[in-house]
Amino acid sequence: MTQIAVSVQDGEQKQFASGITIAEALKDLVSNKQRKQIVASVCNGLPSDLGTTLTTDSVLEPILLASEQGLDILRHSTAHIMALAVKNIYGNDVKVAIGPAISDGFYYDFDKKKAFSPEDFEAIENKMAEIVAGRLPFERQEVTKAEAIKLFDELGESYKVELLNDMEADPVSIYKQDGFIDLCRGPHIPDSSWLKVFKLLRVAGSYWRGDEKKQMLTRIYGTAFTDKKDLKRYLNQLEEAKKRDHRKLGKELGLFTIQDQIGPGLILWQPKGALLRKLIEDYWKEEHYKSGYELLYTPHIARQDLWKTSGHLDFYGENMYSAMEIDEVMYQLKPMNCPFHIGVYNATKHSYREFPIRWCELGTVYRYERTGALHGLMRVRGFTQDDAHIFCRPDQLEDEIFNIIDLNLHILKTFGFDEYDVYLSTRPEKYVGSDEHWELSTDALKQALEKKGLNYSIDPGEGVFYGPKIDIKIKDQLGRSWQCSTIQVDFNLPERFQMTYTGEDGAEHQPIMIHRALMGSLERFIGILIEHYAGAFPLWMAPEQARIMNITDDQGEYCERVFNQLRKAGIRISKDLRNEKLNYKIREAQLKKISYMLIVGEREKEEGTVTVRMRNGKNLPPMRPEQFVEFIEKECEEVTS
RNA sequence: GCCCACGUAACUCAGUGGUAGAGUACCUCCUUGGUAAGGAGGAAGUCACCGGUUCAAGUCCGGUCGUGGGCUCCA
């Protein structure tokens, strides 16, 4: 019999008879204790089942169940077990589509006449528990593609047949479990008893292969863990995210409202939210002024011809609202601000000496979003871009990009975001502009990123047709990432609008145009801020920095005086002089996430002070109102300067 | 847009074919209390909208509008 040499990576090599399974080999290669944790193994670079037979010299890298890869396998197998349960319950009423592991769990798509609803979960989970108790093995088998097609065709599993037809692999692997046969690459847990902790989470519709022209399937999401505690932690995380949901907090804190009567995707800012927004806008404008930008204001509609010239009707028309007729001329709502800024540019003649020109605007745009895509402040139909356009000469491009990134990161940091993922997107297949231009500007973007010392990944071919771009994604408190900032070079619009400047040589040249948004959409950015801070905003942008409250009516007048003094000094303060107990007032202010409570009893009234209670429940020593003003101003300055 | 779920007082929600409910908020009164809910009373709803079934509809059926979870992390 042939002998083969098998070893665990970095471990001792041993001789075995050819045909031995990985599981058997591992018995001799690792300790018993360790072996119980091993769910599968990478074998010569290929993730494999423990039941895989070895016929050549092999190097094994065991996969521990609790590792990331192990969890993936467990969840993938759980998807299969769920499919088996579903097939057991509903038989030929369901066809299976695909069922992969995803980042926090798994899903399986089914074709079923009447879609699943959460009420079906109990039955499915019970059946899954039975399967787990039955210790059903996952049996792998390799068959030719033709055999597999025949097999799944006979089983009536047309989605599998379609998958097979599109696949290049041949032979392919199938897994059998208690009569349920699934096309699958594997690997899997050896048998169903490895599954200890699982939960079905939600149902959703999904198109076959994500294509809305194709069949709508019904998807069940679930998750699996090795430990009950992990599942609990995961469910807690979901709860935490729910608590921070900007739609819930927006309502509770009185920030914004969306109403049927007004229309979906259209935001009404309530006083507190409007103040928050104003504070953000003011800060934004100030920083832009400091960085050499000038502010523009432009209208919300323009003649349709403008959008023809800009190319928006051709390339972006589907996202634009229908035209309206004014004095027999067609006008359309703006989906972007750029043509207006170009209008400002073209209003006068320009010399190379003026460059770089940096114009910014908080421009409100309107874009059609499908009803199913709308989501609180995160996806709306009318929103305000923190837009800017820079016009410059080719030799200024790199410096300008550097300055933009610099300003960008500075502002994001002030808002509390200091973790980023940066992407550079290069020339796509379809593009305008000369190769020379593309090379020059892609290079400028790269140089600027490197000079700034930023790590970035390249998205080849993902640039917009009119120029390369840099995207910056920020990470929030819960570790979720959001794409907000984008910096795009544009060779298209200067050409379409025949923009020019007079060069050193006296001839007319075309300027380079950079589009740039930093927060992206103000609405969405505020949504992100609400969730990032769970509604407890840093002092400098808190709409309510302080609330003064009396202990009994006797301090009412004194409180009024202090309130007026602080308000005049620019503190964003409210008062609670109601005939209620202190406890009650504190609780309410706490729930509204107000930064400081100013508590006034007889002592404070007599001494002319206030006692400052912080959000964490601790008190600062009593201070005079003017000391409190200084204190607030100092705290704000530390962040925004 | 499509699939599923949901839409009841300002808010959070209960109400499974037979007289619209609770808690919170709001208003009035009592209470004047030092760090997360004092007490009593009152007012408040076209049960999203339109139509149908029924002696009878918040409840069942159909449609419209809106909200939520999703709609390739590819066997």
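Labels below follow one simple rule: chain letters A, B, ... track the order of the sequence lines, proteins then strands, and each chain is numbered from 1. Because the structure is a prediction, the values reported are computed rather than measured.
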side-chain contact (heavy atoms from CB on, under 4.5 Å) filter on A/Ile458, not counting sequence neighbours, yields A/Leu424, A/Thr426, A/Lys446, A/Tyr456, A/Pro460
### Message
Counting the atoms with a prime plus P, OP1 and OP2 as sugar-phosphate, which does A/Asn619 contact under 4.0 Å by heavy atoms, base, sugar-phosphate, or nothing?
### Response
base
The complete set of salt bridge (charged side-chain N to carboxylate O under 4.0 Å, His left out) pairs with one or both residues in residues 523-533 of chain A, sequence neighbours excluded, reads A/Arg277-A/Glu523, A/Arg480-A/Glu531
Residues in residues 599-607 of chain A with a heavy atom under 4.0 Å of RNA chain B, by number, are A/Ile599, A/Gly601, A/Glu602, A/Arg603, A/Glu604
#### Entry: Heavy atoms of other groups near A/Lys585 NZ, more than 12 under 6.0 Å
yes
The side-chain contact (heavy atoms from CB on, under 4.5 Å) partners of A/Asp104 (sequence neighbours excluded) come to A/Tyr234
For A/Lys592, the salt bridge (Lys or Arg N to Asp or Glu O under 4.0 Å) test, sequence neighbours excluded, returns none
5' to 3', nucleotides 62-70 of chain B under a 4.0 Å protein heavy-atom cut-off (B base, S sugar-phosphate only, - none) gives ----SSSBB
Taken in chain and number order and not counting sequence neighbours, the residues that satisfy ring-ring contact (aromatic ring centres under 6.0 Å, His included) with A/His76 are A/His80, A/His188
Contact check, residues 90-106 of chain A vs RNA chain B, heavy-atom distance under 4.0 Å, returns A/Ile98, A/Ala101, A/Ile102, A/Ser103
Those residues at least two apart in sequence (or on a different chain) that pass side chain to side chain donor-acceptor pair (under 3.5 Å) with A/Gln483 are A/Asp471
From CH2 of A/Trp208 across to C1' of B/C3 the rounded distance in Å is 17 Å
Output row for RNA chain B, stems defined as at least 3 consecutive Watson-Crick or G-U pairs under 3.5 Å, is B:1-7 with B:65-71, B:10-13 with B:21-24, B:26-30 with B:38-42, B:48-52 with B:60-64
The complete set of ring pair (Phe, Tyr, Trp, His ring centres under 6.0 Å) pairs with one or both residues in residues 147-172 of chain A, sequence neighbours excluded, reads A/Tyr159-A/Trp208
Could you go through nucleotides 36-44 of chain B and list every protein N or O atom that sits under 3.5 Å from one of its N or O atoms, giving the distance for each pair?
from, atom 1, to, atom 2, distance (Å)
B/A36, N6, A/Gln590, NE2, 3.3
B/A37, N7, A/Arg587, NE, 3.3
B/A37, N7, A/Arg587, NH1, 3.4
B/A37, N7, A/Arg587, NH2, 3.3
B/A37, N6, A/Arg587, NH2, 2.4
B/A37, N1, A/Arg587, NH2, 3.2

